[in-house]
Amino acid sequence: MLKEIYIENLAVIEKATIGFCDSLNVFTGETGAGKSILINGINAILGQRSNKDIVRSGAKKAVISALFTDVSEKVREKLSELGIDDEDGQLILTREIAADGGSMARINSRAVNVSAMKELGELLVNIHGQHDNQILMSPERHIDILDSYAESSALIEDYKTAFRQLQQKAKEINKLKAERAQKADRIDILRERFDELSALNIKEGEDDEIDAELNVMKNSVTISEALYGAITLLSGDDDTDGAVTFAQRSRDRLSGITDVYAQSAELYERLDSAAIELEDISEELSSLLDKLEVDPVRYDYLNRRSEELRRVKKKYGPDLSDVLKVLEDTENELSMLENADESLEELNAQMSELLKTVTIKANLLSEHRMKAAERFTKQVAGELEFLNMPDVKLEVRNEKGKLTVNGMDNIEFLISANAGEEPKPIAKIASGGELSRIMLALKNVIAEKDDIETLIFDEIDTGVSGRAAEKIGIKLRQISKLRQVLCVTHLSQIAVMADEHLLIEKRVEDGRTKTSVRPLDHEGRKRELARIMGGENITELMLENADQYLKEAAKL
């Protein structure tokens, strides 16, 4: 539960430390004293959206820090999930809001993003503000209220998982149908491309091989002349000896002296090897020259083939490997489209099975809700009777429709405001005071189903007075026996029930407005109750009445 909150430089609150008891804490004060600022501060440390406008004028930042004790197991699990140490059931949430718009959030001194703080805050505190009454005015929100009471989360998640699968399958079918509508034209394009490329029977690297062979043919005269010249220089011709002959003669000249002049023996061997190598080179050059014949038919074929490959590379390339990849992709897509009818048939079968599954789960969820609705309406009726609305009856209407993410149910709360009247939509007939009490009844019934320890009611008394206000005060005290309750009120009937009465007051010091929050003792409570009941001109009689009021409340 919320043990203490520290506020610094938040709007007109310069600095305040507020402690809370574990039962009913009530805030009162004049209009404009800063009660809404306190709620804004609590919202901030619960991870709700805030802005720089709430920083006190002239200050660099606002700081709000809250201490929670004896946190629930769910809170401990969330801390573990966030990788934050559980400090013996104590939890400190801190939020800093800079005047330049920056923001920092910390949980137990560990910096976190605001979304993590919000997730944790939803497990710590449940705030009911005046705007929450609008939930009752929005029929589409009624299903959430019923599900909270019915504890439907497991069934809902199971249903939603199947429903999302159904949606995904429907998307696949729609996509395939859209593709089928364009399939004929696409198949013609792909078939033409496939026929064009497959007919060429292209091989990887073929263009490079053709270019090399054509290059030889185009330069055959130059190559032939070079080969013939090299052969002549090596082997000679009819009129001239070549390098081979000269090497052989040089070798022969040395043959007669190797025995008597040992130093020449190695050179003899080298000349012999050179003569053999030169003769071998000459023979290989001759072989190349013999093979160098330009076949006109072959030459024409290579030119045509080169032009074909150049054309498809320009169209699908730039490289021949790109052309081959286009051919492969075309074949795959063509196969998929030609088999699309079979795929659609299979998807429709899967869709049919999923629809059956989702419908079964939707019916289970609907049955669960309607069983809970019977208990829900009885409990709410009991709460409303206590809150001075004995003739108001709540009815849950369910007009089943098509499957949606929430199932097939269209839930709306109807009320019969007076005995014998037909139930009608809350939004059409409930007054402001009735909405406040109905919402309190719903909150109390739902609170029994969760383990959120702290409930905050921000002006739950809107539109209420007299006996009804007294009943709300008693009900808040009853709730506070099971949960910690913080309540902002303008009514003495509620304030008198407080276990801890805190006064929010505004004053001007040195030309600056300051708001403070302080707990009231018995005498302070008497004066504050007298002010609420009678105004600023407090008389002894008013104080006596307030004192008697407090004593009577203490007996309840």
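- Ion pairing of Arg106 with Glu96 is present here, as a side-chain N (NZ or NE/NH1/NH2) and a carboxylate O approach within less than 4.0 Å.
- Glu509 and Arg507 are joined by a salt bridge, as a carboxylate oxygen and a charged side-chain nitrogen come within less than 4.0 angstrom of each other.
- Tyr6 and Glu8 share a donor-acceptor pair across their side chains, judged by distance under 3.5 Å alone.
- In this structure a side-chain-to-backbone donor-acceptor pair under 3.5 Å is present from His368 to Ala150.
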Task: Step-by-step salt bridge (Lys or Arg N to Asp or Glu O under 4.0 Å) determination, Glu395 to Lys393 - done: CA-CA 7 Å; Glu395 180 179 305; Lys393 303 299 179 185; over 6 Å; no
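- Counting only distance, with no hydrogens or angles, the side chain of Ser416 and the backbone of Glu421 share a donor-acceptor pair below 3.5 Å.
- Salt bridge Arg531/Glu528: present, at least one basic N to carboxylate O contact under 4.0 Å.
- The pair Lys169-Glu172 meets the salt-bridge criterion, with a side-chain N (NZ, NE, NH1 or NH2) lying under 4.0 Å from an Asp/Glu carboxylate O.
- Classification of the Phe413-Phe376 ring pair by plane angle, with boundaries at 30° and 60°, yields tilted.
- Asn113 and Ser115 share a side-chain donor-acceptor pair at under 3.5 Å.
- Within the 3.5 Å criterion, the main-chain N or O of Leu384 finds no donor-acceptor partner in the side chain of Arg437.
- Contact check on Lys74 versus Glu77 returns no salt bridge, with no Lys/Arg side-chain nitrogen under 4.0 Å from an Asp/Glu carboxylate oxygen.
- The closest donor-acceptor contact from the side chain of Arg95 to the backbone of Val114 lies at 3.5 Å or more, if one exists at all.
- Side-chain N/O atoms of Lys475 and Gln478 include a donor and acceptor closer than 3.5 Å.
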Practice prompt. Starting from the C-alpha separation in whole Å, work towards a yes-or-no answer on salt bridge (Lys or Arg N to Asp or Glu O under 4.0 Å) for Glu119 and Lys78.
Written response: CA-CA 8 Å; Glu119 289 177 18; Lys78 176 56 70 174; 3.0 Å; yes
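- In terms of modelled atom types and a separation under 3.5 Å, the side chain of Asn398 and the main chain of Ile411 share no donor-acceptor contact.
- Remark: Arg369 engages Asp147 in a salt bridge, criterion side-chain N to carboxylate O under 4.0 Å.
- Heavy atoms of other residues, nucleotides or ligands lying less than 6.0 angstrom from CD of Glu73 number more than 12.
- Considering Val125, Leu123, Ile64 as possible partners of Leu46, the one that fulfils the side chain to side chain contact (heavy atoms under 4.5 Å, CB included) test is Val125.
- In this structure, Glu523 pairs ionically with Lys526, as a charged nitrogen and a carboxylate oxygen lie closer than 4.0 Å.
- Counting only distance, with no hydrogens or angles, the side chain of Asn9 and the backbone of Arg56 share no donor-acceptor pair below 3.5 Å.
- No donor-acceptor distance shorter than 3.5 angstrom exists from the side chain of Arg527 to the backbone of Ile538, with no hydrogens or angles considered.
- Within the 3.5 Å criterion, the main-chain N or O of Val485 finds a donor-acceptor partner in the side chain of Asn25.
- Ion pair Glu157/Lys160 not flagged as a salt bridge, since none of the NZ, NE, NH1 or NH2 atoms sits closer than 4.0 Å to an Asp/Glu carboxylate oxygen.
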